[in-house]
Amino acid sequence: MRGEQYLTKPQHFARVYGKGGSWASRYLVLRAFSKGLSLSRFGFSISRKVGNAVVRNRLKRWLREIMRAAPLKAGYDIVFIVRPAAAPLGYWDIRKGAMELLSRSRLLRAGRQPEAVVNVEADGEG
RNA sequence: CAAGUAGACCGGGUGACCGCUCCUUCGCAGGAGGGAGAGGAAAGUCCGAACUCCACCGGGCAGGAUGCUGGGUAACACCCAGGAGGGGUGACCCUACGGAAAGUGCAACAGAAACAUACCGUCCCGACUGUUGUCGGGAUAAGGGUGAAAUGGCGAGGUAAGAGCUCACCGCGGUCCCGGUGACGGGACCGGCAGGGCAAACCCCAUCCGGAGCAAGACCAAAUAGAGGGACAUAAGGACGCCCGGCCUGUCCCCGGGUUGGUCGCAUGAUUCUUCCAGUAAUGGAAGAACAAGAUAGAUGGUCACCGUCCCGACUUUGUCGGGAUACAGAAUUCGGCUUACAGGUCUGCUUGGCUC
RNA sequence: UGGGGAUUCGUCUAGCGGUAGGACAGCAGACUCUGGAUCUGCAUGGCCAGGUUCGAAUCCUGGAUCCCCAG
């Protein structure tokens, strides 16, 4: 994931929050907005209430890894907001929650079912 | 063996695949190969510095910091060694540890009194009374009681009763001598107790301190609109505040407009390791070797396999199998410290107690 | 990066070395046929750890949490 794939400016986040859709679970909130370009951009919003610097940085790395591996449709600005309840979870719980939100928002590419997402072992061995 | 005490250290390991950041080699380019990639606290931001800017220099006030002595250091509120006081059977530990015979203040309640004071008492004399006291005058600080604290302690002499009133020992103060760089220690003589606590109350004394901070600051590129308004030439400003002297300068405030890109600063440094020398030590010196993260919303992540440590359960023990756990915590200009957090573990010195030889 | 402030009962607050007070809320009683209102009484507290002092919410040191300001 390269630098141009990050959402950096506050205006970018404001546009996603203002115009995009919203899907939420107990641990994560997904905001997404189609801007019609070929490149997708990602942002991760993790409050200081979630935990200390180690916890927040780890969650951000996990989400970045999940986004790298996920079969996403192109051309979206996607923002993940982490809720404080997600702090004690492990990588696979976060991945399961994130993929569930992505499938609910229909951001995954056609031909892949949510069951395929849960079946992560096949992905790792390939 | 158990308990304790002081110090030093580790902070899971190996391999494979997919990713991230930087450096480097090759290539016109897409890209390919190679190398490096979090800590003992990176943390809190509590001190001290380096570095950079604020044209500049000096003096005073205010303010702040430190506070036994000697040493180390670029510097420090840090470190080492020592002294004194306190705690512990001991190894050892703790200490904001200058000044209360400069001044101002504070001490609730209790108590007679918390600065000069006699409540209960003790003793002497006189009067009245009549054998027990009352009243008046005086002496006294030994005893009681209050309190956190009561005007040196204890013993003997002494006395009407007492009292450093006198004496011995201890404490305190002073002078001299000796040892030590010094804090201080030891000894002799003298004084004869002269009120005590609090300075993390104000304060006094000694020493030190200009301010801001890498978003410091320098450069490149791009973009835009300064004939804007106000204050002041006996002025204003000169980077916390006030005053003074020199020196410098068209200076300050308000309103409006542009940029939110890149490069440097920025990784060779009070650096790290080894050996030797000086020093009780902190530390310093010399020689040799090494180069060891550098992001910019912020790189160190994911998966798999095997092993290590600890805990739990099952099986008949050595052991095997299954499950779980593996801390605190993430570099952001850089160093020296301090403080705080930390699963589990290793090593060394010493002390006390028990057992055995 | 630099600076400032706060923490006292369940909640909001006062007290600047000497028994921690008030309001609302809570509980009990009185009043009432019952409830409300009113009256009386009760219980409940110093963010944490050390230190100075005879004595600390107050003074000092270290830490924790929260809030605010400037660039």
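Reminder, nothing fancy here: chain letters follow the sequence lines and each chain counts from 1.
For the P atoms, the distance linking B:G98 with B:A77 amounts to 16 Å, nearest Å. B:A110 and B:A148 have their P atoms separated by 13 Å, with the value rounded to a whole Å. Look at the P atom in both B:G70 and B:C76: the space between them is 15 Å, to the nearest Å.
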Identify each atom pair where a protein N or O and an N or O of nucleotides 65-69 of chain C are less than 3.5 Å apart, giving names and distance.
none

N/O contacts under 3.5 Å, protein versus nucleotides 326-333 of chain B?
unit_1: B:G330; atom_1: OP2; unit_2: A:Val54; atom_2: N; d: 3.3
unit_1: B:G330; atom_1: N7; unit_2: A:Arg61; atom_2: NH1; d: 3.4

Which side-chain N or O atoms in residues 20-30 of chain A pair as donor and acceptor under 3.5 Å with protein atoms at least two apart or in another chain?
unit_1: A:Ser25; atom_1: OG; unit_2: A:Tyr27; atom_2: N; d: 3.4
unit_1: A:Ser25; atom_1: OG; unit_2: A:Leu28; atom_2: N; d: 3.3
unit_1: A:Ser25; atom_1: OG; unit_2: A:Leu28; atom_2: O; d: 3.4

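When the C1' atom of B:C20 is taken as reference, atom NZ of A:Lys60 falls 12 Å away, rounded to whole Å.
In this structure, A:Arg64 reaches the B:G298 phosphate: one of its side-chain N or O atoms is under 4.0 Å from OP1 or OP2. Checking the phosphate oxygens (OP1, OP2) of B:U303, a side-chain nitrogen or oxygen of A:Trp92 falls inside 4.0 Å.
Scored by the salt bridge (charged side-chain N to carboxylate O under 4.0 Å, His left out) test, A:Arg104 finds A:Glu100 as partners (sequence neighbours excluded). For A:Asn52, the side chain to side chain contact (heavy atoms under 4.5 Å, CB included) partners are A:Val54, A:Val55, not counting sequence neighbours.
The partner of B:A6 is B:U348, judged by Watson-Crick or G-U wobble contacts that both fall below 3.5 Å.
For the salt bridge (charged side-chain N to carboxylate O under 4.0 Å, His left out) condition, the pairs that include at least one residue of residues 74-87 of chain A, sequence neighbours left out, are A:Arg15-A:Asp77, A:Lys35-A:Asp77, A:Arg41-A:Asp77.
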